[in-house]
Asks: 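First the structure, then my questions, so here it is.
The model shown is predicted, which means the values in this text are computed figures rather than measured ones. All values below come from the heavy atoms of this structure, side chains included, with hydrogens, waters and symmetry mates left out.
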Amino acid sequence: MVSVKVSAAKSTPLTRNLPTFITFDQPAEQHTVRDLKKAITAKNPKLHPSRQKLTLKGDRKALADNATLKDAGVVDGSEVTVKDLGPQIGWRTVYLIEYIGPLIIHPLIYHFPKLFYGGAVQHSVLQKYVYAMVLLHFLKRELETLFVHRFSHGTMPFRNVFKNSAHYHILSGILLAYSVYSPTFAANSPYIRGTIRENPNFLWSCLAIWLFAELSNLHTHISLRNLRPAGTTKRAIPRGYGFSLVSCPNYFFETLAWTVIAVMTGSYAAWLFLVVGTYQMAVWAIKKHKNYKKEFGKDYPANRKAMFPFIF
């Protein structure tokens with residue numbers, strides 16, 4: 001039998017009836033932290049497990065859901081504190097919201113130029129290419145979210161959806177679309193006429209590199225999916241295409257794809273989105289690279305870089 005005292009890290013409407021005691025009939029090694037969260041929810045129905053962050057009293061490290069109570073240091077007579085993380089939203093839903101923005105914004109600005117520029121725009125071949133590439137990219141992202149990605153964390157705070165979506169809705173949505181589909185890039189613009197930006201060989205070469213990057217990115221996402229059985233948070237060393245050189249080839253190929261669009265257009269908006277996006281992916285890559293090395297130790301390939309082959 002295990003009896004655990006549960007107190008509130010901070011008083012909120014959903015934790016007002018804490019502290020309380022949770023008792024299990026079986027030993028600590030036969031119950032997980034997730035079981036403890038469910039038991040707390042049973043006494044506080046509105047405090048869903050996804051809203052709970054559990055820590056040992058006096059400690060700030062969150063207890064992992066899949067850890068047994070014994071492994072988490074929770075024994076008979078222990079006290080844990082619960083923090084209400086607030087309303088949650090599923091990661092899959094967040095991704096779908098993020099990527100739907102550009103899929104709505106780009107067609108609006110592309111097909112209704114009079115509303116945004118005060119007149120018609122005779123679209124150049126460059127604009128047509130970029131329009132198709134952006135829509136295909138984010139359609140791919142939506143399909144990957146629905147059918148490929150497996151998430152290690154089920155939810156995130158609802159308030160974060162606005163911050164996350166702003167990156168895509170504003171930078172790769174409004175700013176990129178308004179810039180690239182403007183008269184500056186139109187067929188009769190001096191920025192386009194007689195320049196490399198209307199050269200078929202240049203456009204086809206850019207498209208070929210972009211397509212290679214997008215398909216490579218998809219391949220690495222499928223490889224990562226196959227490492228994690230459905231319904232688990234199991235981790236393994238990724239190997240194969242791209243992974244022999246870097247820990248996060250998906251980020252490398254993503255960067256390559258957006259670099260192509262930035263080079264094709266020369267648009268300030270494309271370069272801004274590339275710089276901001278690359279910086280964020282680099283931060284994630286460093287963290288994942290360190291976690292891989294920490295988790296797998298000597299088994300992890302020592303010659304791998306985090307994101308850019310042979311460099312970083």
Side-chain angles (χ1 to χ4, degrees), residues 50 86-117 121 123 127-182 185 207 210-211 213-222 224-225 230 248 250-251 253-262 264-265 267-281 283-284:
S50 64
Q88 301 288 297
I89 184 171
W91 274 93
R92 196 179 306 277
T93 303
V94 172
Y95 276 35
L96 293 174
I97 294 172
E98 289 176 357
Y99 304 143
I100 197 64
L103 289 173
I104 295 173
I105 294 167
H106 279 258
L108 284 175
I109 296 179
Y110 183 89
H111 291 291
F112 301 99
K114 290 183 179 180
L115 295 177
F116 301 95
Y117 308 113
V121 174
H123 291 123
Q127 288 175 316
K128 294 175 182 179
Y129 272 45
V130 173
Y131 179 62
M133 292 159 72
V134 170
L135 291 190
L136 287 173
H137 171 80
F138 284 106
L139 179 60
K140 165 183 164 290
R141 283 296 198 91
E142 294 281 32
L143 293 174
E144 287 176 333
T145 300
L146 290 171
F147 303 111
V148 177
H149 293 323
R150 287 175 175 159
F151 301 94
S152 56
H153 300 286
T155 64
M156 66 183 293
F158 180 78
R159 63 182 180 274
N160 286 2
V161 71
F162 301 102
K163 177 184 68 175
N164 289 27
S165 296
H167 174 71
Y168 294 100
H169 293 194
I170 296 176
L171 294 185
S172 63
I174 296 171
L175 280 181
L176 181 62
Y178 188 80
S179 170
V180 172
Y181 308 137
S182 71
F185 294 86
L207 180 62
W210 176 86
L211 186 60
E214 290 287 337
L215 292 177
S216 297
N217 176 265
L218 172 61
H219 189 284
T220 58
H221 284 161
I222 293 174
L224 290 172
R225 168 192 168 87
C248 301
N250 49 325
Y251 295 157
F253 292 125
E254 176 91 0
T255 299
L256 178 60
W258 283 107
T259 299
V260 170
I261 292 178
M264 283 179 72
T265 63
S267 165
Y268 74 91
W271 284 108
L272 177 62
F273 181 68
L274 173 65
V275 170
V276 174
T278 301
Y279 171 78
Q280 182 60 73
M281 287 187 286
V283 171
W284 292 335

Asks: Specify the closest pair of heavy atoms between Ser267 and Phe185, including all atoms of both residues, with the distance to one decimal.
Replies: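 Smallest heavy-atom distance, with atoms named: CB-CZ, 3.9 Å.
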Asks: Hey, is the main chain of Asn217 close enough, under 3.5 Å, to the side chain of Asn250 for a donor-acceptor pair?
Replies: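 No, because the side chain of Asn250 does not come within donor-acceptor range (under 3.5 Å) of the backbone of Asn217.
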Asks: With rounding to the nearest 0.5 Å, note down the distance linking OG in Ser179 to CD1 in Ile174.
Replies: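 Rounded to the nearest 0.5 Å, the OG-CD1 separation comes to 13.0 Å.
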Asks: Run Arg141 and Tyr95 through side-chain contact (heavy atoms from CB on, under 4.5 Å) and show every step you take.
Replies: CA-CA 8 Å; Arg141 283 296 198 91; Tyr95 276 35; 6.0 Å; no
Asks: Calculate, to the nearest 0.5 Å, the distance between atoms OG1 and OH belonging to Thr265 and Tyr129 respectively.
Replies: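 With rounding to 0.5 Å, OG1 (Thr265) is 15.0 Å from OH (Tyr129).
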Asks: Is the side chain of Thr278 donor-acceptor paired with the backbone N or O of Leu274 at a distance under 3.5 Å, no angle test?
Replies: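 Yes, the answer is positive, given that a donor and an acceptor are paired below the 3.5 Å cut-off.
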Asks: For the residue pair Val94 and Phe151, establish whether any side-chain heavy-atom pair is separated by less than 4.5 Å.
Replies: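 The answer is no, as the side chains (C-beta and beyond) never meet within the 4.5 Å cut-off.
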Asks: One pair to check against side-chain hydrogen bond (donor to acceptor under 3.5 Å, both in side chains): Gln88 and Ser50. What are the steps and the verdict?
Replies: CA-CA 7 Å; Gln88 301 288 297; Ser50 64; 5.2 Å; no
Asks: If I take atom CD from residue Glu142 and atom CG from residue Leu103, how far apart are they, to the nearest 0.5 angstrom?
Replies: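 Result: 6.0 Å between the selected atoms.
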Asks: For residues Ser182 and Val121, report the shortest heavy-atom separation together with the two atoms involved.
Replies: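 Looking at all heavy atoms of both residues, the closest pair is O-CG1, 4.3 Å.
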Asks: Between Gln127 and His123, what is the shortest heavy-atom contact and its length?
Replies: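 The answer is OE1-CA, 3.1 Å.
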Asks: His106 and ring-ring contact (aromatic ring centres under 6.0 Å, His included): which partner among Tyr131, Tyr178, Tyr181?
Replies: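 Of all the options given, the one that passes is Tyr181.
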Asks: Working note: Ile100 + Leu96, criterion side-chain contact (heavy atoms from CB on, under 4.5 Å); need CA distance, chi angles, decisive distance, verdict.
Replies: CA-CA 6 Å; Ile100 197 64; Leu96 293 174; over 6 Å; no
Asks: If you define the side chain from C-beta out and look only at heavy atoms, does anything of Leu218 sit under 4.5 Å from Phe253?
Replies: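 Leu218 does not reach Phe253 side chain to side chain.
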Asks: Is it the case that the side chain of His169 and the backbone of Glu98 share a donor-acceptor pair, with hydrogens and angles ignored and the cut-off at 3.5 Å?
Replies: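 It does hold such a pair.
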Asks: Out of curiosity, Leu176 CG to Leu171 CG, how far, rounded to the nearest 0.5 Å?
Replies: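 Going from CG on Leu176 over to CG on Leu171, the span is 9.5 Å.
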Asks: For the pair Trp91 and Thr145, evaluate side-chain contact (heavy atoms from CB on, under 4.5 Å) and give the outcome as yes or no after the intermediate values.
Replies: CA-CA 9 Å; Trp91 274 93; Thr145 300; over 6 Å; no
Asks: A quick test of your reading: do over 12 heavy atoms of other residues, nucleotides or ligands sit less than 6.0 Å from CZ of Phe158?
Replies: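 Counting neighbours around CZ of Phe158, 12 or fewer heavy atoms of other residues, nucleotides or ligands fall under 6.0 Å, so no.
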Asks: Nearest heavy-atom pair of Ala177 and Tyr117: which atoms, and what distance?
Replies: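 Closest heavy-atom pair between Ala177 and Tyr117: O-OH, 3.5 Å.
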Asks: How close do Asn164 and Met156 get, counting heavy atoms only, and between which atoms?
Replies: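 Of all heavy-atom pairs spanning Asn164 and Met156, the closest is ND2-CE, 3.6 Å.
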Asks: Let me confirm one number: the CZ-CD1 distance from Phe162 to Ile97, rounded to the nearest 0.5 Å.
Replies: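 It is 8.5 Å, given to the nearest 0.5 Å.
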Asks: Consider ring-ring contact (aromatic ring centres under 6.0 Å, His included). Of Phe273, Tyr99, Trp258, which one does His137 pass it with?
Replies: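 Only one of Phe273, Tyr99, Trp258 forms a ring-ring contact (aromatic ring centres under 6.0 Å, His included) with His137, namely Trp258.
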Asks: Test Tyr110 against Val134 for side-chain contact (heavy atoms from CB on, under 4.5 Å), laying out the working first.
Replies: CA-CA 12 Å; Tyr110 183 89; Val134 170; over 6 Å; no
Asks: Give me the atom names and distance for the closest heavy-atom approach of Pro107 to Pro102.
Replies: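 In terms of heavy atoms, the two residues are closest at CD-O, 3.8 Å.
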Asks: Roughly how far, to the nearest 0.5 Å, is CE of Met264 from CE of Met133?
Replies: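 Separation between the atoms: 4.5 Å.
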Asks: Per the side chain to side chain contact (heavy atoms under 4.5 Å, CB included) rule, which among Glu144, Arg150, His149 passes with Arg225?
Replies: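 Going through the options one by one, the only one that passes is Arg150.
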